Number of protein chains: 2
Amino acid sequence: MDIVIDIEDEEPLFSQLVTQVKAAVQGGKVRAGDALPSIRQLANDLELNSKTVAKAYRLLERDSVIQTRGYRGTFVHPDAKANSQVNLQGWLTKTLAETVATLRESGLTDSEIRIAFNQAMNARSHGAAKS
Amino acid sequence: MDIVIDIEDEEPLFSQLVTQVKAAVQGGKVRAGDALPSIRQLANDLELNSKTVAKAYRLLERDSVIQTRGYRGTFVHPDAKANSQVNLQGWLTKTLAETVATLRESGLTDSEIRIAFNQAMNARSHGAAKS
DNA sequence: ATATGTACCATGCGTAGTGATGGTACAACG
DNA sequence: CGTTGTACCATCACTACGCATGGTACATAT
């Protein structure tokens, strides 16, 4: 895995990392079960903050591209190749684009939509804390 | 129509105006066809900026609570009473709450959702500009 | 002339979110 | 002990947006 981070790039650093790991998986450069460098190790190599790398790893694990085995390190997920192609982001974009379009068509102002969106985001009400 | 604006109130000034006009309509204090004070007039009376009043009027007209007859002034819409009860805002809130809930359930981060939302808002692509 | 709604230009202030940085600490493995 | 992932604390710069303000100008009606 040759990961190259470009600070000049407008794409956020953690995002570049995510993208490149997924690319490495899809390109067959790393395979299921392969060990990945530790967070601190990679942070050191790339001259990044460990929190930045951790953020990338967190996202990669959420997408089931990698697997963190606690104290044993991080490995490529068994279904990494398939999962790295899942376009969660694409679905996100599409969903929101449609919703926004619908709202706009009703005559609602962008301001109003933004405010309501922020309210929806700040309103705790998902499956988090419950008895 | 006795409109009272409270600068201390956390509710935005233009919003207070909108609310109170709708209340006046629903309370029967003003009726269809009644003339409303001009933007500048009202701005002067309430010691508000004319742009602030104009903003309120713009929203009220969008909701078909009032009607601007160009140079002749502003009047209460024929269906003002009914239209002032339409809860566009409520629908907005509900729609976005549902959408956000769905997205969150998929594991998406609030950050990701916010970013995608902003992209959706900044992406011009509805039925607006066309040749 | 005066007043109407509206459009454009602009500013300031406050808030909030993102990205990235840093330090410290923990439990559990080798 | 050293390392693992992770969680908590914190800071800073940058950007974007909302609200409200101000000025100027326009075509059109009375």
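Here the structure is a predicted model, which means the values were calculated and not measured. Below, chains carry the letters A, B, ... as their sequence lines are ordered, and counting in each starts from 1.
- With distances taken from any side-chain atom of B:Ser38 to the nucleotides D:dG18, D:dT6, C:dG5, the minimum falls on C:dG5.
- Transitive grouping of hydrophobic side chains (ILVMFWY, heavy atoms separated by less than 4.5 Å) keeps B:Val76 and B:Val86 in distinct clusters.
- When all heavy atoms are compared, the tightest approach of B:Leu46 to B:Ile3 is CD2-O, 3.6 Å.
- Remark: C1' of D:dG5 and CD1 of A:Ile66 are 10 Å apart, rounded to the nearest angstrom.
- Residues from residues 11-22 of chain A that place a heavy atom under 4.0 Å from any atom of DNA chain C, listed by number: A:Pro12, A:Leu13, A:Phe14.
- Taken to the nearest 0.5 Å, the CG atom of A:Asp6 stands 9.5 Å off from the CD atom of A:Gln20.
- The side chain of B:Asn122 contributes no N or O atom lying less than 4.0 Å from OP1 or OP2 of D:dA16.
- Here the closest heavy-atom approach between residue A:Val25 and residue A:Ser84 is recorded as CG1-OG, 3.9 Å.
- Salt bridge B:Glu112/A:Arg62: present, at least one basic N to carboxylate O contact under 4.0 Å.
- Contact check, B:Thr68 against C:dG5: no side-chain N or O comes under 4.0 Å of OP1 or OP2.
- Between B:Asn118 atom CG and C:dG17 atom P there is a gap of 11 Å when expressed in whole angstrom units.
- Rounded to whole angstrom, the span from the CD1 atom of B:Ile113 across to the C1' atom of C:dA16 amounts to 17 Å.
- For the atom pair CZ (B:Arg40) and CG (B:Asp45), the distance works out to 14.0 Å, reported to the nearest 0.5 Å.
- Atom CD of B:Glu10 and atom P of D:dG18 are 17 Å apart (whole Å).
- With hydrogens and angles left out, the side-chain atoms of B:Glu11 and B:Thr19 include a donor and acceptor closer than 3.5 Å.
- Following rounding to the nearest Å, B:Ile115 (CD1) and D:dT15 (C1') show an atom-to-atom distance of 12 Å.
- Separating the CG atom of B:Asp110 from the P atom of C:dA16 is a distance of 15 Å, rounded to the nearest angstrom.
- For A:Ile5 against A:Leu17, the heavy-atom pair with the smallest separation is CD1-N, 4.1 Å.
- B:Leu103 is connected to B:Met121 through a chain of hydrophobic side-chain contacts under 4.5 Å among Ile, Leu, Val, Met, Phe, Trp and Tyr, so both are in one cluster.
- The shortest heavy-atom contact between A:Ile66 and A:Tyr57 is CD1-O, 3.4 Å.
- To the nearest angstrom, P of C:dG17 lies 16 Å from CD of B:Glu112.
- Residues of residues 70-81 of chain A that place a heavy atom closer than 4.0 Å to DNA chain D, in numerical order, are A:Gly70, A:Tyr71, A:Gly73, A:Thr74.
- Side-chain atoms of A:Gln119 never come within 3.5 Å of backbone atoms of B:Thr93 as a donor-acceptor pair (strictly under, hydrogens ignored).
- Taking every heavy atom of residues 40-65 of chain B and every atom of DNA chain C, pairs under 4.0 Å involve B:Arg40, B:Lys51, B:Glu61, by number.
- Summarising the geometry, the separation between CZ on A:Arg69 and P on D:dT6 is reported as 13 Å, rounded to the nearest angstrom.
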